[in-house]
There are 2 protein chains.
Amino acid sequence: MTKIDDVARLAGVSTATVSRALRGLPTVSAATRRRVLAAAEQLDYAVSPSASRLAGGRTGTVAVVVPRITRWFFATVVEAVEEVLHSAGYDLLLHNLGGREQTRQRVLRTANLHKRADAVLLVATPLRAADLTALTALDLPGAIISSGSVVPGWPCVRIDDVAAAHAATRHLLGLGHRRIAHISGDPEDELAFTTHLDRRRGYQEALRAAGIMPDPGLDVESQFTIDGGHQATVELLRRGDPPTAVFAACDEMAMGALRALREAGLRVPQDVSVIGIDDHDLSVVLGLSTVAQPAAEQGRLAARILLDPLVGSPRLPRSASSVILPTRLVVRDSTAPPRAD
Amino acid sequence: MTKIDDVARLAGVSTATVSRALRGLPTVSAATRRRVLAAAEQLDYAVSPSASRLAGGRTGTVAVVVPRITRWFFATVVEAVEEVLHSAGYDLLLHNLGGREQTRQRVLRTANLHKRADAVLLVATPLRAADLTALTALDLPGAIISSGSVVPGWPCVRIDDVAAAHAATRHLLGLGHRRIAHISGDPEDELAFTTHLDRRRGYQEALRAAGIMPDPGLDVESQFTIDGGHQATVELLRRGDPPTAVFAACDEMAMGALRALREAGLRVPQDVSVIGIDDHDLSVVLGLSTVAQPAAEQGRLAARILLDPLVGSPRLPRSASSVILPTRLVVRDSTAPPRAD
DNA sequence: CTGAAAGCGCTTACAG
DNA sequence: CTGAAAGCGCTTACAG
């Protein structure tokens, strides 16, 4: 492997100058820079990241933590984040919680973030007191996407979950539905996410605004997945006196609901209407009505906000402001007025 | 930040001993190890990865390259790989090609893999001559999932794509179909994947074995995505004299086909049968017949094979063997005999 | 604009 | 089983 000394020798300068020239620092004359670049090129030189990190204190890496990379929202966010990071020359260290509390602790509380990244991006990752303490102790810049958790000084990019749920529920109410069920996230979930709490609030507020008391019998909790939606809907139907509409807290749950309803011999939307939140890639295929949220846009924006202080002037004042992106009701074939009987 | 010297001082030993004790090397007495661990614990010490990498030459990191993390297969593989890697104490550096040739070159040909990882896992990543040269020059261990490309010395985990396509087509033939269309990957694709070539071969071989000449008019190329499947099917229908069955090269394309058929007023499976390959999470929801492939299993297996020589005895003989995992025909509601007319 | 030298924080032969 | 010392390959004040 060629080292910086080899380049310095060939270019006839010191290693300090090579280092400066290669990183594009302004304190190098044009002629010198040209010679250094040519030498580096000729020797096919590539800086040693470990050495550079140790000496410079920067890793050129951002750690990204997601609950489940296999879910539409997180995969879409990660793809957008990856694009922004790599365009800026940063590497992406991926941590997938996978629903395991043990993993969460490994990632957030141990030294797994320590000196491995210049910044941390938490996507919908719930934080407990001990996590917050550990994270704060790291003293890293960070950003958050779509989480109820707050880290002091970390900007947050998200949608208004209460409003999105409110819009979905209002759509059903507007069609004439009164018995509107809700299937949502599990409070027993090891990881204690908060998104589903906001969405339930929007659901309940919309009902109350229409003069309807939320019926606990129509509110079933399960996982934020296709299977979760399926199970929740099976349970809902088991309780008897089925609802005329189901508002699922995310499109994947809505898809599980579609399956459970079909298995029960109920037609959508003739017998039961279904709406979700997300606008998953497949929702259009299924004709699923939903409240669309901009997943890639949230990823891009958060990555840019995160990178800004890292790549810009060393110490810009951090703007730890939050950004709330708009959602949009998308009506397809899974919602219709209730049957007249 | 506490450093190794602090731990050494508190434990009353040299930094060399701290280093050995913390890494669990056998050449440390039990008593000393206990003292070192206690000191490290007390000081909340965590090794500096950069320093450790520079001195030791190992990064504790594996680079994973996928075409598109948003596609079901790749997200599922990455989740499984992440789990195995992190359980073994390895970090995962994610590279998403995103369909851009420029990105591919950045990842594979430049120094982006250089000294940043101890090993590379390529998932369905097509390799050109220049890529192979660059990869070989890195002199890293690696493994491949599901790619037609071969890197000398790198084991490969995959399914038999020809056989999977053969099985899907045979299923349609068995139902009585004769006009079976195929929608598949695009040869104009910047990244030149090969999976779709194998799947087309399986399709054609199955047809020929049934005495049917493959009809180029029934073979449409597009992207390996929902939209790609949609477009290909629209094109297929535009050509007139529609097929009685569509074999899509992956479930996502099949889903796009379902949508296009529905938009064209054709019923599945009464008017047209549809089958894919994958067993995507949503295929069950859509009632899509498919040939299931074990995505997570491929990821787990490849990660273990990759890690084996890294974590085991320093120089085990590399077994660069390939593993082919079985697929399985899953018949659901999207395939049926052709109409009798 | 450039260089000599110290230092980043570990690991690894080498010696005992 | 343990330690002193060199070295991993850069970057960064500091001086000029």
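Lettering follows sequence order; numbering is per chain, from 1. When reading the values below, keep in mind they use all heavy atoms of this one structure, side chains included, and skip hydrogens, waters and symmetry mates.
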Could you tell me whether S29(B) contacts a base, only the sugar-phosphate backbone, or nothing, with contacts defined as non-hydrogen atoms closer than 4.0 Å? sugar-phosphate

Using the salt bridge (charged side-chain N to carboxylate O under 4.0 Å, His left out) rule, collect all pairs that involve residues 52-69 of chain B, keeping only residues at least two apart or in two chains. E79(A)-R68(B)

Taking DNA chain D as the partner, which of residues 30-44 of chain B come within under 4.0 angstrom of it by heavy atom? T32(B)

Between S19(B) and T15(B) (side chain of the first, backbone of the second, donor and acceptor by atom type, cut-off under 3.5 Å), is there such a pair? no

Where the side chain of T76(B) meets the backbone of F74(B), is there a donor-acceptor pair that is under 3.5 Å apart? no

Can you check whether T17(B) has a side-chain N or O nearer than 4.0 Å to OP1 or OP2 of dG3(D)? yes

Could you check if a side-chain atom of L22(A) sits within less than 4.5 angstrom of a side-chain atom of V47(A), using non-hydrogen atoms only? no

Tell me which pairs pass side-chain hydrogen bond (donor to acceptor under 3.5 Å, both in side chains) where either residue lies in residues 132-143 of chain A, with sequence neighbours left out. none

Do V150(A) and L132(A) have side chains that approach each other closer than 4.5 Å (heavy atoms only, starting at C-beta)? no

Answer with base, sugar-phosphate or nothing: what part of the nucleic acid does P49(A) contact at a heavy-atom distance below 4.0 Å? nothing

Strand DNA chain C in bracket notation, Watson-Crick/G-U under 3.5 Å with | for pairs to another chain: |||.||||||||.|||

With the threshold set at 4.0 Å, does a side-chain nitrogen-carboxylate oxygen contact exist between R9(A) and D6(A)? yes

Letter by letter from the 5' end, nucleotides 7-16 of chain D scores (B base, S sugar-phosphate only, - none; protein heavy atoms under 4.0 Å) BBBBSBB---

Check for a donor-acceptor pair, side chain of S52(B) on one end and backbone N or O of S50(B) on the other, with a separation under 3.5 Å. no

Does the side-chain contact (heavy atoms from CB on, under 4.5 Å) test come out yes or no for V66(A) and V77(A), once each step is laid out? CA-CA 9 Å; V66(A) 296; V77(A) 163; 5.7 Å; no

Residues two or more places apart in sequence or in another chain: which of them pass salt bridge (Lys or Arg N to Asp or Glu O under 4.0 Å) with R300(A)? E297(A)

